[in-house]
Amino acid sequence: MLKAITLTDIPSSFTWKPEDSVDVGDYESISFVFGFRGEKNIPFMFVNPPESQMFWPYSLGGDSGGYHYMKLNGFWKDTVQFRRAFNFHLGVGQYQDENGNRPTDDDGKYFFVQNWFTLTIPANFKIEDSITTEITLRMNIEKWFITPYVYNHNVWGPDIMENQKAMNMVKENGFDVFTISKILNK
Amino acid sequence: MKKLKVILILAGVLPVLKAILFPVFFVSVGTTFMLSSCCDTCDNPPIDTFAATPYEWPTPAGNKPWFPTLMNIPSDNPMTVEGVELGRYLFYDTRLSGRQPCEMQMSCATCHIQEHSFEVGIDNPRFPDGVTRGLPDDQYPEGKPTPHFNMPFINLVFNMNGYLWNGMIHSSNPNLGNAAYGVPAEPQYHLRNIESLVWMGIHAQHEINGTVDMTVNMIKTITKNPDYPKLFKAAYGTEEINYDRISKAIAQFIRSLISYNSKYHKWIRKEIPNLTPAEYRGYTLFMSEKGDCFHCHGNPVFLTTNLFYNNGLDTLFNDPRDHFGFTKNPMDKGAYKAPTLINCELTAPYMRDGRFKTLEEVISHYSEGVQYSAYINPLMKWASHGGNQLTETEKADLLAFLKTLTDYDFITNPAYSRPADLKTGCE
């Protein structure tokens, strides 16, 4: 298993070469965590840009919510075809009770919701000694907004960092966003 | 050796959404790794600094690594105690203009004043309303106005994204010199780092309005208060004075200007227990999606991303000095650097053209004054409503928080002040 956290900051494509060695053998899939496991999402752990610019405010994420999982910014056309900006940001959510209140523990700290998830993508490939295996991982952007839930900006508005219902929907839509489009052995 | 390379591509046409996307996300597979580099430009061999003392950076208290390890220091200009000190004298020495008459003297410190976080200040007696002007000439007897207002000299060593409002002073800039300024296309007149600001400042008609030759020839004549040959010897191992060493020393001093001791900084480091209720409400608003100051003025230590945004000031964009003027990316029209908010209480007027005289005016702009255009940055998500529509109480709370960003240690630090023994004859 590779042990690395990598930020993908992309106009259109990004190449990542893991520093750890990979065991020789036949593989059936690739798994990765999208975002951070809570115990690894430590505030202030990144000091250099661009990672440090992904910080998630402490008031919104607490001790296990140091950084955004994703920032996807753009524009949509609303019901009157006016071009409006959206910030589709995913990270740790704030727990609210059924009345929309944020309860606290005995120390006065808020509760938070972890929205990271593990993806497993079927892929048959072989890792061989002295050969570079190039795997192209594709993020199909539109899938964040389509399956299994149709995400409607006109309903959820321009931002979701403080809307756990919306972020939970985004998380559930995330499971089919990534595909393996190409595997090459060089 | 077994090798694995992962290429990530984006794909998909969005039937409803327009494709102006700036996707940034984390893919986490396990343990953290860090990027680090210690030099930005490595073109020139390092100066022989055998006699100089390596500079030690200040370290805030606390158990967190507060400062980046990535610092914008070119390999041909390492930081030394003696280099910084020489740079401090030159920064404040108004004979940097290369001329003796007092009315024709000007230095960096003429426009970059410590008590205003090294900006000009709205109460500057020489520059009313903070409108800086160059030294006079026949064409501009009152001095040519500077096209943009100052930016603060604060924590610049941690900025890897380009200097000036448009970011054109950047490691990627291949240009040399400036024909309009009469500066030849020679390697020492690059546009890659803080050193570049020195020749630009000396030559620009709207700044010192001189020449590097005049500056060098003047500095060479000064052997008392200070003894420049002695200072150059301590910094560089030689008494020889030239432009390259002048610019590098000033750049070292500017890089040494570090601010991290505002009330806010002490609070996040847990050196003080609380902010006031209004300050805390303002902080929460700053770090919320409603106030949403943090996406552009984020990085909780430096209060800036050092990136560039069109923040809805205008609907027409014809300033050749915007970020588009450097990148030629049409989406950068009307985009300027988001400056640090540290010491913002002291750095009026605001924006690159100084249009706002008070922080209250700035807050009101983001609340109800944002102007929508095709080039507005998507982080200005309330632009379609004119802004984030803050209540008067929210505005007051936000103002209270912004005032906690004032670092009184920085603006009074004698290490950053005018040397007491500097005598130009115009005190």
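Here is the naming used below: chain letters follow the sequence lines, and residue numbers restart at 1 for every chain.
Contact record, H385(B) with R84(A): CE1-NH2, 3.3 Å, taken as the closest heavy-atom pair. Residues A85(A) and P378(B) share a closest heavy-atom pair of CB-O, 3.3 Å. Across all non-hydrogen atoms, the minimal contact from I268(B) to F44(A) is CD1-CZ, 4.5 Å. The two residues N87(A) and D292(B) make their nearest non-hydrogen contact at OD1-OD2, 4.0 Å. The minimum heavy-atom distance between L60(A) and M287(B), with the atom names listed, is CD1-O, 3.7 Å.
Within 6.0 Å of NZ on K290(B) lie more than 12 heavy atoms contributed by other residues, nucleotides or ligands. Within a 6.0 Å sphere centred on CD of E28(A), heavy atoms belonging to other residues, nucleotides or ligands number 12 at most. Other residues, nucleotides and ligands place no more than 12 heavy atoms under 6.0 Å from the OH atom of Y110(A). Remark: N99(A) CG is packed, more than 12 non-hydrogen atoms of other residues, nucleotides or ligands lying under 6.0 Å away.
The contact between I160(A) and chain B is made entirely by backbone atoms, counting heavy-atom distances below 4.5 Å. For chain A, the nearby part of L307(B) is the side chain; its heavy atoms alone come within less than 4.5 Å. For a residue to count as touching a neighbouring chain, one of its non-hydrogen atoms must lie under 4.5 Å from one of that chain's; by this rule F302(B) does not touch chain A.
We find the CD-CD distance between E289(B) and E162(A) to be 6.0 Å, quoted to the nearest 0.5 Å. Y280(B) contributes atom OH, which lies 6.5 Å from atom OG of S59(A) (distance to the nearest 0.5 angstrom). Residue R83(A) holds its CZ atom at 11.0 Å from OG of S384(B), rounded to the nearest 0.5 Å. Rounding to the nearest 0.5 Å gives a distance of 8.5 Å between CD of Q53(A) and OG1 of T304(B).
Here H365(B) pairs with F356(B) under the ring pair (Phe, Tyr, Trp, His ring centres under 6.0 Å) rule; sequence neighbours left out. When the salt bridge (charged side-chain N to carboxylate O under 4.0 Å, His left out) test is applied to D314(B), the partners found at least two apart in sequence or on another chain are R352(B), R355(B).
Below 30°, between 30° and 60°, or above 60°: for H89(A) and H295(B) the angle between ring planes is above 60°, a perpendicular geometry. The aromatic rings of F82(A) and Y372(B) are tilted relative to each other, their planes meeting at an angle between 30° and 60°.
You'll find the side chain of F55(A) stays beyond 4.5 Å of the side chain of V301(B), heavy atoms only.
Between the side chain of N48(A) and the backbone N or O of P68(B), no donor-acceptor pair lies under 3.5 Å.
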Pair K71(A)-L379(B), side-chain contact (heavy atoms from CB on, under 4.5 Å): steps then yes or no | CA-CA 10 Å; K71(A) 291 182 185 179; L379(B) 288 171; over 6 Å; no

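When the candidates P300(B), A383(B), G298(B) are compared by the number of heavy-atom contacts under 4.5 Å with chain A, P300(B) comes out ahead. Annotation: maximal heavy-atom pairing with chain A below 4.5 Å, among F158(B), F286(B), W382(B), Y283(B), occurs at W382(B).
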